[in-house]
2 protein chains.
Amino acid sequence: MTPRQVAVLVVIFTVSAGGLQVLLIRRSAEPFKDAWSLPGGLLNPGESLQEAAERKLDDETGLTEVFLEQLYTFSDLDKRGAVAVAYFALVDLSATHLARRREWLPKWFPIDDLPPLAFDNDDVIDYGLRRLRAKLDYSNVAYSLLPEEFTLSQLQRTHEAILSRSLDKRNFRKRILSLEIIEPTGRVASEGRHRPAQLYRFRARKPVVF
Amino acid sequence: MTPRQVAVLVVIFTVSAGGLQVLLIRRSAEPFKDAWSLPGGLLNPGESLQEAAERKLDDETGLTEVFLEQLYTFSDLDKRGAVAVAYFALVDLSATHLARRREWLPKWFPIDDLPPLAFDNDDVIDYGLRRLRAKLDYSNVAYSLLPEEFTLSQLQRTHEAILSRSLDKRNFRKRILSLEIIEPTGRVASEGRHRPAQLYRFRARKPVVF
DNA sequence: CCAAAAGTGTTGGCTGTACACCCATGT
DNA sequence: ACATGGGTGTACAGCCAACACTTTTGG
């Protein structure tokens with residue numbers, strides 16, 4: 001009856017020294033040509049939503065096996081009846097290879113210092129941030145933001161960046177260890193560091209709900 | 001590029017003496033003609049997703065101001081590339097007027113005794129049920145399942161039907177009252193009842209998150 | 001008088017939070 | 001030697017779960 005354009009959008013989060021960041025690209029077409037926006041695009045023929053989101057994520061970051069989850073479906077972003085299915089992804093900055101083959105390069109922006117965005121992409125990012133914060137408390141999503149091996153301090157800094165508040169070190173360690181989602185690797189990190197630190201890894205590198 | 005059919009589906013829940021129920025209709029078109037399925041249909045031109053879901057809900061139940069929330073968007077329900085945006089709704093059985101003008105009448109089914117369903121509608125219902133159970137704990141969604149005035153026992157039976165387990169009466173009352181989402185009306189229910197019971201109402205008849 | 005549902009408090013365990021010091025290493 | 005970050009325990013408060021009896025009414 002009324003076929004519609006169906007697009008996917010991907011909110012790609014990472015955590016770096018500068019805190020929680022989102023990946024944005026410059027739009028190459030009207031409307032909002034040259035404005036910053038979330039990566040996204042129309043579905044290819046025969047492609048599922050999940051596949052389209054994975055493809056977009058891969059295009060932008062070169063990553064495939066990361067946390068990627070459907071967020072929400074918007075229908076009034078442009079006023080021409082298009083439907084946009086938003087996903088959110090969490091990536092380890094040190095593992096990503098940003099797309100280079102473009103007029104404008106994609107760029108990371110701190111979550112609290114975003115440029116003006118196309119459409120209502122601010123709403124989409126807000127929504128993603130709320131979900132991320134909620135999930136942090138009852139899942140192991142952070143596995144996707146860190147390298148295979150990491151220290152408890154790194155994990156804590158990651159949580160702090162996402163929640164944008166500081167956490168008590170002893171309580172944090174107690175809580176995380178009691179969840180039994182990570183285990184010590186036996187190795188220690190000592191590169192350019194004051195005191196060597198125990199390295200841990202996630203028992204499962206896929207989403208687990210407590 | 002690749003326009004798709006976009007449909008909405010609505011999982012309509014209610015609670016009655018028989019427990020938690022879902023409203024199903026008979027499909028009138030192929031594929032799965034005459035199979036039980038969730039109410040739904042394509043978007044009208046110019047219509048948003050929310051509007052389409054509200055329209056479908058109104059068609060089936062005559063209700064408009066009830067809890068209705070987007071659930072998830074499915075893309076492989078039929079294999080022809082259609083996209084289905086699922087919503088879930090909570091209705092007070094005593095306020096609904098089921099659609100009558102049809103070859104096959106819509107019908108309530110207990111959640112644990114569903115007939116074979118078209119497409120993957122079982123998955124959609126499961127998903128809705130999980131969300132409903134989760135929301136019950138940190139929101140006031142039950143407002144939409146009960147009449148304006150109700151007793152604490154009715155509210156408890158509603159919770160029990162959704163969670164399908166029994167709850168301790170004293171703990172339930174303590175917890176609900178301490179949330180301060182309901183207030184006594186001053187009136188009592190006494191119609192055909194053993195001992196008269198205090199009537200309460202929700203302070204807000206719209207979604208509130210604790 | 002009996003059946004049915006309404007109403008009402010206390011206790012123990014668990015969980016989350018607040019809080020401060022010592023240690024190993026690099027510079 | 002000092003600066004930096006790693007690592008560790010305890011005490012209190014709030015929350016949730018378990019648990020049983022009395023009251024009011026209708027039949």
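A, B, ... follow the sequence lines: proteins, then strands. Residue 1 opens every chain.
For the pair A:S153 and D:dG5, the criterion of a side-chain N or O lying under 4.0 Å from OP1 or OP2 is not met.
Taking the charged nitrogens against the carboxylate oxygens, A:E180 and A:R203 have no contact shorter than 4.0 Å, which rules out a salt bridge.
Computed from coordinates, the B:L163 CG to D:dC16 P distance equals 15 Å when rounded to whole Å. Per the geometry, CD belonging to B:Q156 stands 13 Å off P belonging to D:dA17, to the nearest Å. To the nearest angstrom, P of C:dT15 lies 14 Å from CZ of A:F210. Atom CZ in B:R157 sits about 8 Å away from atom P in C:dA5, given to the nearest Å. Taking atom CG of A:L177 as the reference point, atom C1' of D:dG9 lies 14 Å away to the nearest angstrom. Atom-to-atom, OH of B:Y138 to P of D:dC15 comes out at 20 Å; the value is rounded to the nearest Å. Between the CG atom of A:L152 and the P atom of D:dG6 there is a distance of 9 Å, rounded to whole Å.
Aromatic ring orientation, A:F13 versus A:F88: perpendicular (interplanar angle above 60°, classes split at 30° and 60°).
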Taking N or O atoms only and anything under 3.5 Å, show me the protein contacts with nucleotides 25-27 of chain C, one pair per line.
{"unit_1": "C:dT25", "atom_1": "O4'", "unit_2": "A:H194", "atom_2": "O", "d": "3.0"}

Using the rule given for salt bridge (Lys or Arg N to Asp or Glu O under 4.0 Å), can you reason through A:E148 versus A:R201, listing the C-alpha separation, both sets of side-chain angles and the distance that settles it, and then say yes or no?
CA-CA 6 Å; A:E148 175 105 16; A:R201 77 175 132 244; 5.2 Å; no

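Between the CG atom in B:L163 and the CG atom in B:L20 there is a gap of 9.5 Å [rounded to 0.5 Å]. The structure places CD of A:E69 at 8.0 Å from OG of A:S139, a figure rounded to the nearest 0.5 Å. Atom CZ in A:R27 sits 8.0 Å away from atom CZ in A:F32 (nearest 0.5 Å).
Applying a 4.0 Å cut-off to non-hydrogen atoms, the residues of residues 167-174 of chain A that approach DNA chain C are A:D168, A:R170, A:N171, A:K174, listed by residue number.
Side chain of B:T73 to backbone of A:T73: no donor-acceptor contact under 3.5 angstrom is found.
Among residues at least two apart or in separate chains, there is no salt bridge (Lys or Arg N to Asp or Glu O under 4.0 Å) pair with a member in residues 163-175 of chain A.
Between B:Q21 and B:T14, the side chains place no donor N or O within less than 3.5 Å of an acceptor N or O (distance only, hydrogens not considered).
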